[in-house]
Amino acid sequence: MKKSKILPLSFYQRSTELVARELLGKKLCRKLSNGKVLSGYIVETEAYVGLLDKACHGFGGRKTPRTQVLYENGGIAYIYFIYGMYYCLNVVSSKKNHPEAVLIRALEPCDNVDWMKDKSQNSINEKKILNGPGKLCKVLDIDKGLNTHDLTQNPLWIEKGKDIKSEAIVSSPRINIGYAEEWIERPLRFSVKDSPYISVKIKEAK
DNA sequence: TTCCCGATTTACT
DNA sequence: GTAAATCGGGAAA
């Protein structure tokens, strides 16, 4: 029995910023009901760090049916519906009773790229198939049914992928959280430097 | 129960 | 650059 490439639950049960940073380069895999496996390397994430973070759904200890999953132990999926038409995939991190998670914002396509191009109706440019949290969920067929799913199990899991050097990781402010006041500028977004697959271009520091 | 608004994407001016 | 699409969750009443 060969050693599993799937990341263990202990990987997720650490500080959220660390998990967000180290998820870069990892391989997100999704097995469809027809048996086909789609995958991509994670190139962009954002950390949502719970109680004090005004951008986090669990801010201030808010606890509702939807955010319940954020309070669980790390290693499971938190999927929510936004703007009436899109889903976003998050990885719950940290320990029980800490409402923290990492938003997966963009992937570099890996397996079954042609199938994904078809699905996204963007058959020309593979750089734009998975470059956004709403888009990657649509293409990978991720919806509420996978909420609370264990990310070490079929049909959605994360494996070891490419090695990303720490010099190749850049942090920047998060996207579209204009309501979060002093948290808007916090550099909790992590991405692979110069990757053509990220969602929103990073503002250059002058 | 009602009302407001969003961790987005796409199309248009 | 800005706006429209579109609906469930959360807060208020």
Side-chain angles (χ1 to χ4, degrees), chain A residues 12 16-17 19-21 23-24 28 40 42-72 74 76-94 98-107 109 116-149 151 156 158 170-191 196-204:
Chain A
Y12 305 100
T16 301
E17 284 191 52
V19 174
R21 181 177 283 264
L23 273 175
L24 294 177
L28 178 70
I42 298 172
V43 296
E44 183 182 355
T45 62
E46 283 180 8
Y48 286 82
V49 292
L51 302 175
L52 297 174
D53 181 358
K54 290 182 179 170
C56 182
H57 291 162
F59 167 66
R62 188 169 29 188
K63 205 165 185 178
T64 66
R66 179 178 69 149
T67 61
Q68 179 73 32
V69 56
L70 285 173
Y71 291 80
E72 293 301 318
I76 57 180
Y78 167 50
I79 295 158
Y80 67 92
F81 197 47
I82 189 66
Y83 295 115
M85 54 189 91
Y86 298 105
Y87 291 100
C88 292
L89 169 66
N90 297 249
V91 175
V92 177
S93 58
S94 193
H98 290 257
E100 308 187 6
V102 176
L103 170 67
I104 308 296
R105 290 193 55 87
L107 305 177
M116 293 193 281
K117 281 181 179 174
D118 246 23
K119 177 88 174 181
S120 71
Q121 299 171 327
N122 195 331
S123 54
I124 315 249
N125 192 345
E126 71 174 50
K127 294 174 184 169
K128 296 187 174 174
I129 303 174
L130 301 169
N131 65 333
K135 290 161 82 174
L136 74 89
C137 283
K138 189 176 175 190
V139 172
L140 298 185
D141 230 20
I142 292 170
D143 63 24
K144 273 187 116 167
L146 288 167
N147 197 28
T148 75
H149 172 74
L151 291 169
L156 178 67
I158 299 176
V170 291
S171 59
S172 55
R174 290 174 290 182
I175 307 297
N176 290 336
I177 53 162
Y179 54 87
E181 303 176 31
E182 71 269 26
W183 286 83
I184 297 173
E185 296 296 329
R186 282 293 191 96
L188 292 172
R189 177 190 185 204
F190 300 94
S191 51
Y197 301 99
I198 63 175
S199 61
V200 180
K201 196 178 176 186
I202 296 173
K203 196 169 63 176
E204 296 290 337

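We name chains A, B, ... by the order of the sequence lines, and we start the count at 1 in each one.
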Notebook entry, point to check: For B:dA7, does either OP1 or OP2 sit under 4.0 Å from a side-chain N or O belonging to A:His57?
Noted result: yes
Next item on the list: Look at A:Arg105 and B:dT8 and indicate whether a side-chain polar atom (N or O) is within less than 4.0 Å of OP1 or OP2.
Entry: yes
Item checked: Ring-base stacking, A:Tyr48 with B:dA7 (5.5 Å, 30° cut-offs) -> yes
Next item on the list: Assign A:Ile177 to base, sugar-phosphate, or nothing according to its heavy-atom contacts below 4.0 angstrom with the strands shown.
Entry: sugar-phosphate
Next item on the list: Could you tell me the separation between the NZ atom of A:Lys54 and the C1' atom of B:dG6, rounded to a whole number of Å?
Entry: 17 Å
Notebook entry, point to check: Nearest-Å distance, CD1 (A:Ile79) to P (B:dG6)?
Noted result: 22 Å
Check: Out of B:dA7, C:dT6, C:dG10, which nucleotide sits closest to the side chain of A:Met85?
Finding: C:dT6
Next item on the list: Could you tell me which non-hydrogen atom of A:Ile198 sits nearest to which non-hydrogen atom of A:Arg189, and how far apart they are?
Entry: CD1-NH2, 4.4 Å
Next item on the list: Indicate whether OP1 or OP2 belonging to B:dA7 is found under 4.0 Å from a side-chain N or O atom of A:Asn176.
Entry: no
Margin query: Restricting to non-hydrogen atoms, name the atom on A:Ala47 and the atom on A:Phe190 that form the minimum distance, rounded to 0.1 Å.
Written below: CB-CE1, 4.5 Å
Next item on the list: Using the C1' atoms only, state how far B:dA7 lies from C:dG1, rounded to an integer number of Å.
Entry: 22 Å
Margin query: Checking base pairs now: Watson-Crick or wobble, both atom distances under 3.5 Å. What partners B:dA7?
Written below: none
Next item on the list: Select base, sugar-phosphate, or nothing to describe what A:Ser199 touches, counting heavy atoms under 4.0 Å on all strands.
Entry: nothing
Next item on the list: Let me know the distance between CD of A:Gln121 and C1' of B:dT9, rounded to the nearest Å.
Entry: 13 Å
Item checked: Between C1' of C:dC7 and NZ of A:Lys144, the distance in whole Å -> 10 Å
Item checked: Under 3.5 Å donor-acceptor pair, A:Tyr83 side-chain atoms to C:dA5 base atoms -> no
Notebook entry, point to check: Over how many whole Å does the gap from A:Arg62 atom CZ to C:dG9 atom P extend?
Noted result: 14 Å
Next item on the list: Answer with base, sugar-phosphate or nothing: what part of the nucleic acid does A:Gly84 contact at a heavy-atom distance below 4.0 Å?
Entry: base
Next item on the list: Mind calculating the distance between OH (A:Tyr78) and C1' (B:dA7) to the nearest angstrom?
Entry: 9 Å
Check: How long is the line joining OH of A:Tyr87 and C1' of C:dT6, in whole Å?
Finding: 12 Å
Note to self: Under the criterion ring pair (Phe, Tyr, Trp, His ring centres under 6.0 Å), I'd like the reasoning laid out for A:His57 against A:Tyr80: C-alpha separation, chi angles, the key distance, then a yes or no.
What the structure shows: CA-CA 10 Å; A:His57 291 162; A:Tyr80 67 92; 4.8 Å; yes
Check: Which part of the nucleic acid does A:Arg174 contact within heavy-atom distance under 4.0 Å: base, sugar-phosphate only, or nothing?
Finding: nothing
Check: Of all the choices, C:dG10, B:dT9, B:dA7, which nucleotide is nearest to the side chain of A:Lys135 once you look at every atom?
Finding: B:dT9
Notebook entry, point to check: Quick one: is C:dG9 close enough that its OP1 or OP2 comes under 4.0 Å of any side-chain N or O from A:Thr64?
Noted result: no
Notebook entry, point to check: Do you know which two heavy atoms are closest between A:Ile177 and A:Ile184, and how far apart they sit?
Noted result: O-CG1, 3.5 Å
Next item on the list: State whether the aromatic ring of A:Tyr86 stacks on the base of B:dT8, taking stacking to mean ring centres under 5.5 Å apart and ring planes under 30° to each other.
Entry: no
Next item on the list: Please check if any side-chain donor atom of A:Asn131 sits under 3.5 Å from a side-chain acceptor atom of A:Lys135, or the reverse.
Entry: yes
Next item on the list: Starting from P on B:dG6, measure out to CD1 on A:Ile175 and report it in whole angstrom.
Entry: 16 Å
Check: Is C:dG1 paired to anything, Watson-Crick or G-U wobble with both distances less than 3.5 Å, and if yes, which nucleotide?
Finding: B:dC12
Checklist line | Nearest heavy atoms of A:Leu51 and A:Phe59, plus distance in Å | finding: O-CD1, 3.1 Å
Margin query: Using atom P in both nucleotides, what's the gap between B:dT2 and C:dT6 to the nearest angstrom?
Written below: 23 Å
